[in-house]
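The block underneath contains the structure these notes are about, expressed in structure tokens.
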Amino acid sequence: MTTYDADGITLEKVREYVWEIPQEGDMRTPARVLASEALLDEISDDKTLQQIKNATHLPGITNHAICMPDGHQGYGFPVGGVGALDAKNGCISPGAVGYDINCGVRMMTTNLTYDDVRGNEEELVDALFANVPSGLGGGGIVKGDADAIEGILARGVEWAVEEGYGVEDDLRACEDEGRRPDADPSAVSQKAKDRGRNQIGSLGSGNHFLEIQRVTDVFREDVGDAFDLREDQIVVLIHCGSRGLGHQVCNDYLRKIEKQHADLLDRLPDKELAAAPAGSELAEEYYGAMCAAINFAWVNRQLIMHRTRRVFERVFDRTWEQMEMQLLYDVAHNIAKKESHDVDGESRELYVHRKGATRAFPAGHPEVPAAYRDVGQPIIIPGSMGAGSYVLRGGDKSMTETFGSTAHGAGRLMSRTAAKDTYWGGDVQDELEQDGVYVKAQSGATVAEEAPGVYKDVDEVVRVSDALGIGDKVARTFPVCNIKG
DNA sequence: ATGTCC
């Protein structure tokens, strides 16, 4: 048997790109790591493997805890981790969702080509930077009163479209049509609502950005046609989350769950995995609050997208409809969701935790929007500023291998602190400009933290996803210009 | 990720 020895943990090779940490001690299932040896080398000396192993201690864990090809260590549970926990007899764990609830990405297509944008990069970026709030702290596109917050948390993108920030077609291209029906705004603390109120429609900081990109390759023509993607086309990528509101929801419930369910916590190997038993009051409340934060993040991306349409109208002196600025899809990268999955021939209701992982439902799945049902769900995988991004489609193996999931990005290689010691923002911007990528940022430190060199090779991550058949390559993009927090 | 420490 082929094995891989990491720092204190031995993985057994199941088949190409599939590694297993065998069940032992209090593990309830084995853990699986989906990676090439090159990707394993990147996580062999940090806590990633220990964390995915720890996740198998969670009650109700089904089949395996799974680490995606872009996995790296996170709070308690790896970023790039998938944990399907029984929704009746298992539990739900905020640390396995992540602090930035529904951090995610949406892509908008256009009928512009690279030639239309070339030479206008600076004007475009300056206009976007002036019109899309970014960076830490407050200030959003909408100043929300109490009614607005309730509407956003309860009704998601439906609220935004009613208020004039988008059109009905936008709903059809969004997972759950932009509304998580299980949302319970009353489970969101006043403090969380107050933090969210003046951040409605704002990018935030860290790895969040708005990027204008050009399509450089289409690998599957039939799927590219269904997604309206073609070479040299200009597309817009928006990456952001639920800002202070989601962060506060996560923090509020972690503290409550640690206290209320200390007995369960005592049996777990890491305090950061704190979980509420399925059916408990806190499990229901956290789920309702998390779903409300999901809606908030969707509205956030919707408002930024609609504002981007307005900016393009001014810069290119055409209506956004004339430029065919359509939402391709919006994917959530940090959520837990009740889903039915076939487990050993039986349909089971599971809380599928995807933390830094993307839903990847294949062709034919009833929850894939009608426009894409014949080809599979669009998946958007942002790379780093210098590397570009990918569009995939849900692969045929995702339902049997990964509870309908794949990777979410390149995955960090270096901590933010280490990045700031290694890079200087201005130098990174100069180097990117030499590659034809124009970046404007609120903070030079953020540019250093997000330098292309701090990320894994997105090509390798996507190659493994494609080879496993969980998310298939459809198109590749390269950045043209970018605004950051 | 995050009013980067309640």
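Proteins get letters first, then strands, A, B, ... in listed order; numbering begins at 1 in each.
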Query - By side-chain contact (heavy atoms from CB on, under 4.5 Å) - contacts of Ala410(A) (at least two apart) - result: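 Scan of Ala410(A) (side-chain contact (heavy atoms from CB on, under 4.5 Å), adjacent residues dropped) gives Tyr455(A), Val458(A).
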Query raised in the report: Just by distance, do the side chain of Thr406(A) and the backbone of Ala360(A) share a donor-acceptor pair under 3.5 Å?
Result: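 Pair absent, no side-chain N/O of Thr406(A) close to backbone of Ala360(A).
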Query - Backbone N/O of Glu367(A) and side chain of His365(A): donor-acceptor pair under 3.5 Å - result: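 At least one qualifying donor-acceptor pair exists.
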Query raised in the report: Just to confirm, is there a sub-4.0 Å distance from OP1 or OP2 of dT4(B) to any side-chain nitrogen or oxygen of Arg416(A)?
Result: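 So the side chain of Arg416(A) is outside the cut-off, no N or O lying under 4.0 Å from OP1 or OP2 of dT4(B).
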Output the rounded distance in Å from [atom1] ([X]) to [atom2] ([N]).
X         : N      : atom1 : atom2 : value
Asn251(A) : dT2(B) : CG    : P     : 14 Å
Phe296(A) : dT2(B) : CZ    : C1'   : 13 Å
Gln442(A) : dT4(B) : CD    : P     : 16 Å
Lys191(A) : dC6(B) : NZ    : C1'   : 8 Å
Lys259(A) : dC6(B) : NZ    : P     : 17 Å
Arg255(A) : dC6(B) : CZ    : P     : 10 Å
Tyr75(A)  : dC5(B) : OH    : C1'   : 14 Å
His208(A) : dT2(B) : NE2   : C1'   : 10 Å

What is the nucleic acid contact for [X], judged by heavy atoms within less than 4.0 Å: base, sugar-phosphate only, or nothing?
X         : answer
Ser205(A) : sugar-phosphate
Lys355(A) : nothing
Gly241(A) : nothing
Gln199(A) : sugar-phosphate

Query raised in the report: How do Leu136(A) and Tyr99(A) order along DNA chain B: which one's closest nucleotide is nearer the 5' end?
Result: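 Looking at the nearest nucleotide for each, Tyr99(A) comes out on the 5' side.
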Query raised in the report: Given Ser405(A), which of Met68(A), Met399(A), His353(A) fulfils the side chain to side chain contact (heavy atoms under 4.5 Å, CB included) condition?
Result: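 That would be Met68(A); it is the only one of Met68(A), Met399(A), His353(A) passing the side chain to side chain contact (heavy atoms under 4.5 Å, CB included) with Ser405(A).
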Report task. Assess the side chains of Asp100(A) and His247(A): does a donor N or O sit below 3.5 Å from an acceptor N or O? Result ->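 Result is no, nothing qualifies.
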